[in-house]
Amino acid sequence: MNETALLSLTIFLPTLGAFALLFFEKKAVEGMRVFSLVVTAITFALTLAMWKQFDPSVAGMQMQTSLVWIAGWNINYQLGVDGISLPLVLLTSLVSMLAMVASWSITKQVRGYLMLFLLLETGMLGVFLALDFFLFYVFWEVMLLPMYFLIGVWGGPRREYAAIKFFLYTLVGGVLMLIAMLMFYFGSAQSTATGESIFDLLTLMEIAEVGGFDRTMQITAFILLFIGFAIKLPSFPFHTWLPDAHVEAPTPISMILAGVLLKMGGYGIIRIAMPLCPYGTQYAAYVLVALGVFNIIYGAFAAMAQTDFKRLVAYSSVSHMGYVLVGLAVWKISEASGATVGREYWVLGVNGAMFQMLGHGISSAGMFFMVGVVYDRVHHRDLNKFGGLMQRMPHYSGLAMVIFFAGLGLPGLCGFIGEIAVVLSAWSFSPLLAIIAASGVILTAGYILWTIQRVYLGPEYKGPHAEELTPINGREASVAYVLAVMAIVLGVYPELMFGLMRTSIDTLTISLADGYDAVRVIGDQVGAVLSP
Amino acid sequence: MCGETAVKPRFTHMPLEQYIYTGTVLKWLLGLAWLLPLVGFAIEIFGGAWGKRLDPVAGGRKLRLAGYLAVFCIGTGFLLSLTALVVWKGGTGVALMPTAEAVSHGDHAAPDGGEHGSDDHAVDHGEHAGHDGSGDKPQQATEGDARGQSPAAEAHGHGEADAHQEGGGHEAHANDPYAAAFSGTYYELARFGNLRLTIDYYIDGLTVLMFCMVTLIATCIHIFAIGYMSDELTEDYEDHFVHLSGGRHFHRPGRFYRFFAFMSLFCFSMLGLVIAGNIFQVFVFWELVGICSYLLIGFYVERHSASTAANKAFIMNRVGDFGFLIGLMILWTYFGTFQFANVSPAGSPDAANGPGLFQMVRDSRGDLQVEETADEQVVMLQGSGSADDTSSPRSIPYWLLVAAGVGIFGGCIGKSAQFPLQPWLPDAMEGPTPVSALVHSATMVAAGVYLAGRFYPMFTPEVLLVIAYVGCITLFIGATIAIVATDIKRVLAYSTISQLGYMMLALGVGGWAAGIYHLITHAFFKSLMFLCSGSVIHGCHHEQEMTRMGGLYKKMPITCGAMLVGVVAISGLAFWIPLAGLTGLSGFYSKDAIVASSLAFMAGNPNHFLLFLVPLVTAGITAFYMFRLWFMTFAGQPRDQHVYDHAHESPRVMTTPLIILSVFAVGCAWFGVLENWILTSEPAHVAAGLTSAYHVLLTMPSHHAIHAMHHTAGTAALIAAVTGALLSAVFYWKGLVDPESVRKPFAGVHHFLVEKWEFDNLYDVMFVRPVHVVASWCTAFDKYVLDGILHLLSRLTVATSAWDRKFDETVVDGLVNLLGNTTYGVGRSLQVVQTGRLRQYVMFIVVGVLGLFVLLIMFFPRA
């Protein structure tokens, strides 16, 4: 297949699918579901084809498409994939497909649901593949609206509140990103060859690498971008939308939310905030790591106090995404020379952060699915009213234990690799923060095991609708098996993903170090001129 | 280590081809033994779940296939381990039988044989040239632990080495642990530049020994479990310990297959831990044995006490692992590798991976090289950081090396149930008895000792002192609680804690071989005793309270005899046998070695006299409570006639393993083979001891010093043990003194011991409750502060807009109304579109998005 068309096709196939759904009979609910599943499956196959064509030894963007969209403002329709985006694209299409399988439990307004779902997938894939800042922003906002409706219409009792909260938070993030985007747009004019302003991320990165953006601008822009992305990540203190959104969202949407949407925060930081503001990143590195560590601990504590099963899993996401923040920011420099110290450990941290996103995408999607399976049966999520599911649903419980252990960070499962890589990289940055981060393993074990005990172990089920606790059916088991197998595969063969990411991340860290150095040198020269 | 041997590279090796050949064979033999149980696990867990539907056996009884499969896997593993032993011995030419001279020492076969054995061994290999670069070259300022305070300068070399010598005349030859070792990589998990996370192997005498021990004991226990768990072979298992809300007992299908699946998974994890060639891999399997332990303790998932005990075990282990993790981070940052030691000679496939931790931290003589820099002392690392490789640091601050050592030992504290993390182990007895025998006495909990032994070269004297005191406190706590415990399994559990404390103590006072020695002998006699207790429990229909037993020797003679073997072994009793001299069971020799080590340590460090006195007294206590257990269970009159009447000897599938283990518990320490075997792996710096250490003044005893103490220590320990045993007989066998009359004046102490030194209550108040309080604070902060601010903002917005509306309606609207009237008509016509139907809205969005991209395409021609 033509390389350039592949990316566009991958992004817009779900939209075409959504449009095609209009031609179905209103009664043909099953047909529409199967059709949507086929669309997501083909999308997944297309991303696999992308993987096949991808050359992991090349550092830069591959399969690039670049077409002028709005020439007057230098806005391009520009796509491409590299070792940082490809794993996330694969994760997106996989989780979307699985969430679609899980969507059989949706019975209200099925056509609308499926169309919004497919539009959402377009938005998500677009965000990961866009290389033009404006296009990125467009996809970012495109994704927002379907999500709002999916929570607000198909959600639980407090769905309006949750949906508006989600919408407002994300919108604020989007506005901050917009401001930063315009700063770069107008700031780029003095550095481009033609003297024009641009949205092209790759060129903007090159400008940043040679120190084209000054210190003040980098710091301001980084703060704006970081808050925008931290809301999505989510990071304390911008995380309170997440538990509400998760609790109210229907199961498949929770899967997408935890499995993919949160990753956009991390992706935004590594793809946009860091490369465009190397100086800003370094300036904020300590705060970022400290914030990440705080998230790990805070999320774990908060998870421990929850009585709602979904809220607990949501807070565990806050805790787990803290590792992403830590891993990305463990960039240590020598105070004297400004040179990057121990870059290998930083590379390890960034790799770990990326892997943590993938691992969390699998394990948290799995955890939400597992909650959904019992919720569909007994219609409550009160942790104190479960127990004994191991007796009633042994097959389901066994799979759930595997997935929860993946969340716990058990070696051999996906959660371990990311966590250990991040933690190991942190000491060289700051021993104190590293120790606090490592203490998270105790709390994590605490809340996960306590949850397992309350839900799965024990002699008898204590809640209502006991008669509804039937063994999982084939459809549910297939989702759970895919996630459990993925958790094991990533856990014992992490090279599968590290192999894709290695070159890109290595190059990224080098260019960041150069970018920081360039600005520092310029700043020093300015200082030297001014001081005498 | 004196004269020539000291400066000669210890890195002696067999010829390259032989190394590669032997190494490859060992790698695959042990690798296969390691992976077989994993295959078994996969088949058992799936086959068991699906096999239920296909089960052809009538009458609700199910096949024991899962059990046979598990036994087959681990049994084959044992045979492979034995083969590996033969290959290893043949390939390295190690002599395991002591020389004639050593045997002539008669009464104490042990360390003498060891010294001479390794002596031969050193001679065998002394001529080969080493390959370790740093080993050949003269060292710059070789600073031993011994002379850390005087930096630099002195000429080093032959004369210097004598400073390590304790006794002068008697030479203790340093062992070369790398000469009989093989290392390499199975599989690379990930690589970041020069940083590698790998699954390695490191095979030396200790690895092979652990493999043989673990697989042998596991095989016996698996066979035993086929009998013990046979009541799970039913579709309707009634659990008498679980009461449902209706007052009924709990019924469930049997879980025979699940038990064996978890056991197989455990064997896989444990063997992975033993074969591990790097500390990261140890951590991986460390966690995996932890989760297996969790699953097995909580095997009766419907029992609340079982699941709570499982959680407690895992979480307390995680507390230790937190320390482990800190140690890992420090090592990773300063060494850039996790590998223990890379002994692959030049030309073999894994030679390029650079030196391992042990080789970096100690030079070829086993000394740390400490240098004074401006503001701190640093340990120079060997063979790291070549000129072009600036990323790997060349030194580590001394205090960080101490911190790393203590951190790693933190993991050992958790896993081996040492003070202050010991309370999980007695609770772990909620699991089925074979689990207690395998996981919680013989193998997993001993893994902490194994790791401390394996990681010994990284421990500075300060760390060793910590280890010694932790062991000392633990062995005392465990033994004292065991005196008052009445549950047969709990007595054994506390005795396990106590014995693990002995092992740690031995490692800490410089008796490396003694600690490992006791690890092996203890594994045999303790697993034997647990199986015996299992046999008793099985025979008495799940009665575990010793207060309801008694007189069982008539009912179960084999179990009774086997238990007596175990009791005598653990108490360290010995008998005068004509021709052979003073002969004991296995425990006698290993405990003797420990007490001798600690006495020698006390001789060098009089301040630390407790490290000798406490274990000596505890040796007596050990004999007391172990004989108490035996007397209460088997001797005297039945205390509960009902239990007694229904008691019966166990079937042969359960007694055969008892007999096999008895044989090993009796004789595994005879002839000095075990001791020699262990000594082949002894770290280089142990044999000579130290005259004084770095920051704290410590003298580590040399082999010679320990040997000199043997007779004194052995006699003292024997007297203590005999006293304890006799006292026990007075109280519990002959009934000459009523235990109750002694208990009364000490009611407070008794209560304190029964309450397990109040650790559980203390931890509940100190940690568990505060964690829950902080957790509720976090949630409250989210709910009231963060969301509160958000809601306040939203209310402000609404208020502002209401004011805005008022302004608009009165002022602006007046002007606009005119315009508005015209617009009204247009709006009215558009009302048709606003249907309030969701599906239509969605369609608008879709069309909108599509339109957006149509626009996009329309702009294309300008490209």
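All values below were derived from every heavy atom in this structure, side-chain atoms included, with hydrogens, water molecules and symmetry-related copies excluded. Just so we're on the same page: letters track the sequence lines, and every chain starts at 1.
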- [ ] Return the option, out of A/Gln109, A/Gln391, A/His239, with the maximum number of heavy-atom pairs under 4.5 Å with chain B.
- [x] A/Gln391

Task: Interchain contact, B/His791 with chain A, by part (heavy-atom threshold 4.5 Å) - done: side chain

Open item on the list: Using a strict threshold of under 4.0 Å (side-chain N to carboxylate O), is an ion pair present between A/Glu495 and A/Arg502?
Closed with: yes

- [ ] Could you tell me whether the side chains of A/Tyr315 and B/Asp782 share a donor-acceptor contact shorter than 3.5 Å?
- [x] yes

- [ ] Heavy-atom distances under 4.5 Å only: say whether B/Leu793 touches chain A with side chain, backbone, both or neither.
- [x] neither

- [ ] Measure from the side-chain N and O atoms of A/Thr15 to the backbone N and O of A/Leu119, and report whether any donor-acceptor pair falls under 3.5 Å.
- [x] no

Task: Under 4.5 Å from a heavy atom of chain A, the part of B/Thr308 involved - done: both

TODO: Quick one: sort the A/Phe134 and A/Trp69 rings into parallel, tilted or perpendicular, breaks at 30° and 60°.
DONE: perpendicular

TODO: Would you indicate whether the side-chain heavy atoms of A/Val318 and A/Phe236 approach each other to under 4.5 Å?
DONE: no

Open item on the list: Under the rule for side chain to side chain donor-acceptor pair (under 3.5 Å), what residues qualify as partners of A/Gln78, not counting sequence neighbours?
Closed with: A/Asp200

- [ ] Give, as side chain, backbone, both or neither, the part of B/Phe285 having an atom under 4.5 angstrom from any heavy atom of chain A.
- [x] neither

Task: A/Glu460 and A/Arg392 ion-paired at < 4.0 Å - done: no

- [ ] Taking B/Trp332 for its side chain and B/Leu195 for its backbone only, find out whether a donor-acceptor pair lies under 3.5 Å.
- [x] no

Open item on the list: So for B/Val774, is it side chain, backbone, both, or neither that comes closer than 4.5 Å to the heavy atoms of chain A?
Closed with: both

Open item on the list: If we ignore hydrogens and angles and just use 3.5 Å, is the side chain of A/Arg111 paired with the main-chain N or O of A/Leu22 as donor and acceptor?
Closed with: yes

- [ ] Using non-hydrogen atoms and a 4.5 Å limit, figure out which bit of B/Leu325 sits close to chain A: side chain, backbone, both or neither.
- [x] side chain

Task: Residue part contacting chain A, namely of B/Ile199, when any heavy atom lies under 4.5 Å - done: neither

Open item on the list: Which atoms of A/Tyr298 are under 4.5 Å from chain B, going by heavy atoms: the side chain, the backbone, both sets, or neither?
Closed with: both

- [ ] Sort B/Val785 into side chain, backbone, both or neither according to what part of it lies under 4.5 angstrom from a heavy atom of chain A.
- [x] neither

Task: Which portion of A/Tyr161 sits near chain B, non-hydrogen atoms under 4.5 angstrom - done: side chain

- [ ] Answer with side chain, backbone, both or neither: which region of B/Phe767 has an atom nearer than 4.5 Å to a non-hydrogen atom of chain A?
- [x] neither

Task: For chain A, which residues of residues 298-306 of chain B have heavy atoms nearer than 4.5 angstrom - done: B/Val301, B/Glu302, B/His304

